[in-house]
Structure formats: structure tokens, C-alpha cells
Amino acid sequence: MIQEFKIKNVLSFKNEVTFSFEATSDKFAEDSQVVKINDNTRLLRFAVLYGYNASGKSNLLYAFDFLPRFWTYKPGSMDEHTGVVPFKLDQTSHNEPSHFELVYFVGDTKYWYQLDLDREQVYLEKLSYYKSTQPTMLFERTLVDGHSVVNFNPNGDKISAAAKEMINVNCLKNLSFFVARNQVNVSLPLIDAAKNWMKKQTMPVVFPSTSLTDYAQRRVSNSEGLTKHLVDFLHEADFNITNISSDVVKKNISDEEVKFRLEDENLSNEEKERIKKEKNITLVRTLFEHTVENKDGERTYSMNKGDESTGTLRTFGIETVLYEALEDNAFLPIDEAETSLHPKLLEKILFEYLKAHSKSQLLITTHNDGLLDLVNDLIRKDSVWFTEKDKAGVTDLYKLTDFRGINRLSSIREAYRNKRFGATMK
């Protein structure tokens with residue numbers, strides 16, 4: 001689970017800001033929304049971020065998303081860019097390194113990851129863990145005379161001199177240590193636990209433009225548990241859907257389309273060989289069963305996805321990724337969570353997520369200030385965050401509990417609309 005995330009010189013975040021999932025001493029929804037890691041650490045399962053258009057909300061999600069992508073990004077050469085985007089609205093920041101820090105737990109083990117890089121190279125990459133109150137370095141990677149040098153702590157994972165040399169050889173200046181580590185067949189239990197958490201328990205950002213339908217169809221086709229969850233949720237949410245079925249079918253394709261498919265870099269070599277041999281592609285066909293009452297009594301009709309509304313398909317996709325986040329105890333960021341959803345439907349989605357017992361974490365951005373009426377009813381005060389951009393284009397990040405007197409407010413929503421917390425249109 002994520003405890004804390006710091007960034008500096010990343011997109012609109014010129015100055016260092018800190019986002020935290022640490023819970024305050026507030027006991028509201030303690031059983032379902034707070035996970036007690038140890039006697040000193042209580043982490044939230046949910047956070048919501050408010051701010052005016054272009055204030056930096058999506059940029060924070062981009063920053064979260066950058067780390068798992070960078071940990072697996074393997075450039076074709078030393079000349080390719082790292083992919084980081086610095087602050088660009090002054091004369092100096094674009095020439096300075098961007099900074100990332102992530103503090104997180106893998107089970108009961110606390111890790112601290114640090115990264116300094118620009119578009120050309122990594123200056124510092126460091127992973128530590130906590131055996132006590134002080135961090136113990138596992139590896140530290142620095143830039144010396146234009147080359148990456150990786151040092152390991154002998155009190156951490158045991159590694160041979162040959163393996164160290166291979167990792168150093170493979171650690172190009174514009175890629176992550178973890179990419180170099182993946183090219184060496186050696187066991188590094190502490191480091192690999194941190195790496196596997198990033199790979200398996202962080203999910204990509206769901207943006208308003210993200211199409212989740214195909215993904216959801218494929219997941220439904222091989223998961224009875226997910227199918228039952230979706231049918232139950234859609235039924236309770238007043239959709240008249242009473243069943244969902246997805247089947248994988250094969251479609252024959254022409255020689256010209258085979259050639260086109262073989263050029264797709266996203267396909268595995270195994271899938272390319274199959275397409276070349278069988279000359280077909282796999283598609284998922286989903287049918288939504290609707291049960292209605294009309295003059296003929298109760299009747300059931302099957303409709304394909306093309307007949308369903310945008311809201312139905314969005315709910316189908318959002319509930320799929322939320323189900324997987326809950327099952328995998330994963331971190332899931334969703335940008336503009338209200339996209340294509342009725343306000344009451346969004347509330348129900350959040351209610352169902354928040355009442356579940358899990359170590360998953362959900363971070364959403366939204367313009368739906370109606371959720372602020374649910375503070376202390378559904379949402380904890382320490383789950384609410386804001387972004388605000390100043391005249392220089394710099395985003396500040398702060399939380400509701402930074403403000404005094406919020407317990408005396410009759411309506412947090414009205415206070416927000418009256419600019420009590422900023423993060424609104426001037």
C-alpha cells in the first residue's frame with residue numbers, strides 16, 4: 001500500500017509537493033476505509049482530488065503512472081528520452097532534474113524509492129527498506145562520468161560480484177535499475193518484492209478517454225466471479241441487466257491484414273506466429289441479457305455491446321477494474337471518475353468500493369462537488385485533496401484537513417463553492 005508520494009519539477013508541479021494516504025486520528029469508517037499496517041501507520045483506501053480545469057489534477061495521476069512505466073521501459077538506445085516531462089513555464093526548470101519519491105508497504109515491509117532524472121539520464125535511483133525506524137539502503141545508483149554506477153548494500157540482498165558487474169553493464173543511463181536487473185538471472189528477494197509490487201499491484205490510470213469495454217469483455221469471458229459481481233451491481237443500480245455472457249470467437253482475416261497485424265509491436269511473438277499460421281484473430285463477443293416487463297409479461301432479450309448506452313458500458317468497465325483492484329489489493333487511479341455516470345451512480349460505485357474490506361487503494365479526480373456533501377457520511381475528511389495553479393502556472397497540492405474549523409462547517413460543499421478552500425474558478 002502507498003503511504004506517501006513526493007514529486008518536484010514534474011509537469012505543472014514545479015515545487016515539491018507531497019500526497020499522502022496516511023490517515024488522521026479520525027475514527028470515521030475506521031473498519032472499512034483505514035488499514036492498520038502497524039502501531040504507527042494507518043493508511044487510507046480512498047482519496048478524491050478536486051481542482052479547476054487545468055489546475056494539475058491529471059498531472060498528479062500522470063506522475064503516479066510514470067513510475068511503473070519507467071521501471072519497465074527499455075529504450076532501444078542510450079539516445080532515447082526517459083519520458084519524464086519537467087515544468088516548462090520558466091527559464092530554468094526544463095534543464096533541471098525531476099524528482100520522485102514513493103514510500104509504500106509490501107505486506108508489512110516498508111520501502112522508500114527515490115528517483116532523480118531528466119529527459120536524457122538518471123542521476124539518482126535508490127531503494128531502501130526499513131528494518132527499524134531508520135531506512136536501510138538496498139541499492140543506490142548514481143551517475144559517474146556519464147555512466148551509471150550501481151552499489152549494493154552487503155547487509156541487504158546477497159549478490160555475487162559477477163551479477164553486480166552484469167547489472168552495471170546493462171544499466172544504461174536512460175533506463176531504470178529494474179530493467180537492468182531483469183536481464184540478470186539472480187535472486188534478490190528484498191529488491192524483487194518491491195519490484196513485483198510495482199508490477200502487479202499498481203494499475204494504469206483510467207482517463208475519460210480510456211475505453212475499458214474490450215478489456216472488461218475479455219475479463220468476463222474467463223471469470224465467473226467477476227461476471228456475478230457485474231450482474232449483481234448492475235441489477236442493484238437499476239439497470240435491467242440480468243446476465244452477461246462473453247465468448248471468445250475467431251475471425252478469419254486476409255493476407256493483407258495478416259501482414260498488418262505482424263507489424264503490431266504490442267503483440268507477442270507467440271501471438272504473431274499464431275496469426276501467421278492460422279490467419280485469424282480472436283475477438284470477444286458479449287451479450288447483455290435484459291429482463292423487462294411489458295404487455296406480454298416478463299420477457300428477456302439479449303443485446304450486444306453496440307446496443308448499450310455509453311453509461312452502461314462505462315459502468316461495465318469501471319466496475320471491472322475496481323473488482324480487480326479489490327481482488328489484487330492494487331492501487332487504481334481514475335481521472336474524472338464521473339465521466340458518463342449519473343451522480344447517484346458514482347456515489348453507489350464509491351459506496352460499494354468503500355464498504356469492501358481490502359488493502360486496495362483508489363485515487364480519483366472529479367468535478368462532482370456533490371461528493372463533498374458525503375463527507376462524514378460516506379467519505380472521510382482526510383480523503384479530500386485539492387489542486388490550485390497560480391499565475392506562474394505552478395500547481396500546489398493540499399488537503400481539506402489543512403484548514404482549521406472544518407468541523408464547524410454546516411456544508412463543506414457550500415464552503416468549497418464559496419472559495420473557502422480555493423481550487424475553484426477565480
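One-based numbering along the sequence shown.
In this structure, His147 NE2 and Leu143 CG are separated by 8.5 Å, a value rounded to the nearest 0.5 Å. Summarising the geometry, atom CG belonging to Leu262 is positioned 10.0 Å from atom CD belonging to Glu271; distances are rounded to the nearest 0.5 Å. Separation of atoms OG1 (Thr210) and CG (Leu212) is listed at 6.0 Å; rounding is to 0.5 Å. Considering CD1 of Ile412 and CG of Asp369, their distance stands at 12.0 Å, rounded to 0.5 Å. Note that OH of Tyr123 and NZ of Lys173 are 8.5 Å apart. Values are rounded to the nearest 0.5 Å. For the atom pair NZ of Lys88 and CG of Leu11, the computed distance is 8.5 Å after rounding to the nearest 0.5 Å.
Checked for salt-bridge contact, Asp402 and Lys399 meet the test: a charged N lies under 4.0 Å from a carboxylate O. Under a 4.0 Å N-O distance rule, the pair Glu347/Lys344 qualifies as a salt bridge. Comment: Glu270 does not engage Arg274 in a salt bridge, judged by the lack of any side-chain N to carboxylate O separation of less than 4.0 angstrom.
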Worksheet item: ring-ring contact (aromatic ring centres under 6.0 Å, His included) between Tyr113 and Phe177: does it pass, once the steps are laid out?
Response: CA-CA 12 Å; Tyr113 175 73; Phe177 159 87; 9.4 Å; no
Item to complete: May I have the step-by-step check of side chain to side chain donor-acceptor pair (under 3.5 Å) for Asn329 and Ser358, ending in yes or no?
Response: CA-CA 6 Å; Asn329 292 322; Ser358 168; 3.2 Å; yes
Item to complete: Evaluate side chain to side chain donor-acceptor pair (under 3.5 Å) for Glu125 paired with Ser176, printing each intermediate quantity in order.
Response: CA-CA 8 Å; Glu125 189 174 19; Ser176 171; 2.8 Å; yes
Worksheet entry | Residues Arg181, Asn170; criterion side chain to side chain donor-acceptor pair (under 3.5 Å); working and verdict | CA-CA 8 Å; Arg181 182 269 168 273; Asn170 288 309; over 6 Å; no
Practice prompt. Starting from the C-alpha separation in whole Å, work towards a yes-or-no answer on side chain to side chain donor-acceptor pair (under 3.5 Å) for Gln217 and Asp214.
Written response: CA-CA 5 Å; Gln217 288 184 105; Asp214 288 345; 3.1 Å; yes
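For the pair Ser383 (side chain) and Phe46 (backbone), a donor-acceptor distance under 3.5 Å is present. Side-chain atoms of Thr72 come within 3.5 Å of backbone N or O of Arg69 as a donor-acceptor pair. Between the Tyr129 side chain and the Ile191 main chain, no donor and acceptor come within less than 3.5 Å of each other. In this structure, the side chain of Arg314 does not engage the main chain of Leu341 through any donor-acceptor pair within 3.5 Å. Under a 3.5 Å cut-off, the side chain of Asn174 and the backbone N or O of Ser77 do form a donor-acceptor pair. With hydrogens and angles disregarded, a donor-acceptor distance shorter than 3.5 Å links the side chain of Ser98 to the backbone of Asn9. Thr395 places a side-chain N or O within 3.5 Å of a backbone atom of Ser55 that can act as its donor or acceptor partner. A donor-acceptor pair is defined here as one N or O able to donate and one able to accept, closer than 3.5 Å; no such pair exists between the side chain of Arg420 and the backbone of Ile406. At distances below 3.5 Å, at least one donor-acceptor pair connects side-chain atoms of Thr82 with backbone N or O atoms of Asp118. Judged by distance alone, the side chain of Gln3 and the main-chain N or O of Leu43 form no donor-acceptor pair under 3.5 Å.
Between Phe5 and Phe100, the angle of the ring planes lies from 30° to 60°, which puts this pair in the tilted group.
For Tyr111, the ring-ring contact (aromatic ring centres under 6.0 Å, His included) partners two or more places apart in sequence, or in a different chain, are Tyr104. The side-chain contact (heavy atoms from CB on, under 4.5 Å) test applied to Lys259 returns Glu263, not counting sequence neighbours. Listed by chain and number, the residues in a side-chain contact (heavy atoms from CB on, under 4.5 Å) with Asn153 are Thr136, Met137, Asn155 (sequence neighbours excluded). Listed by chain and residue number, nothing satisfies the side-chain hydrogen bond (donor to acceptor under 3.5 Å, both in side chains) test with Trp197 (two or more places apart in sequence, or in another chain). Partners of Phe386 under the ring-ring contact (aromatic ring centres under 6.0 Å, His included) rule, at least two apart in sequence or in another chain, are Tyr398, Tyr416, Phe421. In this view, Phe19 and Phe21, Phe64, Trp385 satisfy the ring-ring contact (aromatic ring centres under 6.0 Å, His included) rule, not counting sequence neighbours. Looking at residues two or more places apart in sequence or on another chain, you find a ring-ring contact (aromatic ring centres under 6.0 Å, His included) between Phe288 and Phe316. Applying the side-chain contact (heavy atoms from CB on, under 4.5 Å) rule to Pro208 yields the partners Asp335, Glu336, Thr339; only residues at least two apart in sequence or on another chain are considered. By the side-chain hydrogen bond (donor to acceptor under 3.5 Å, both in side chains) test, His342 pairs with no residue at all, sequence neighbours left out. Residues that satisfy the side-chain hydrogen bond (donor to acceptor under 3.5 Å, both in side chains) test with Arg219, not counting sequence neighbours, are Asn222, Glu324. Evaluation of the side-chain contact (heavy atoms from CB on, under 4.5 Å) rule for Ser160 yields Ala162, Ala163 as partners, not counting sequence neighbours. Checked against side-chain hydrogen bond (donor to acceptor under 3.5 Å, both in side chains), Asp382 has the following partners two or more places apart in sequence or in another chain: Thr24, Arg380.
Residue-environment remark: CZ (Arg413) exceeds the threshold of 12 foreign heavy atoms within 6.0 Å. Annotation for Asn418: atom CG counts as buried by contact number, over 12 foreign heavy atoms lying within 6.0 Å. In Lys195, the NZ atom is crowded: over 12 heavy atoms of neighbouring residues, nucleotides or ligands sit closer than 6.0 Å.
Looking at Phe13 and Tyr62, their side chains never come closer than 4.5 Å, going by heavy atoms from C-beta outward. Within the 4.5 Å cutoff, the side chain of Val220 has no heavy atoms near those of the Val284 side chain. Between Glu352 and Leu326, every side-chain heavy-atom pair lies at or beyond the 4.5 Å cut-off.
When all heavy atoms are compared, the tightest approach of Thr41 to Asn38 is N-OD1, 2.8 Å.
Donor-acceptor pairing under 3.5 Å is lacking for the side chains of His367 and Glu338.
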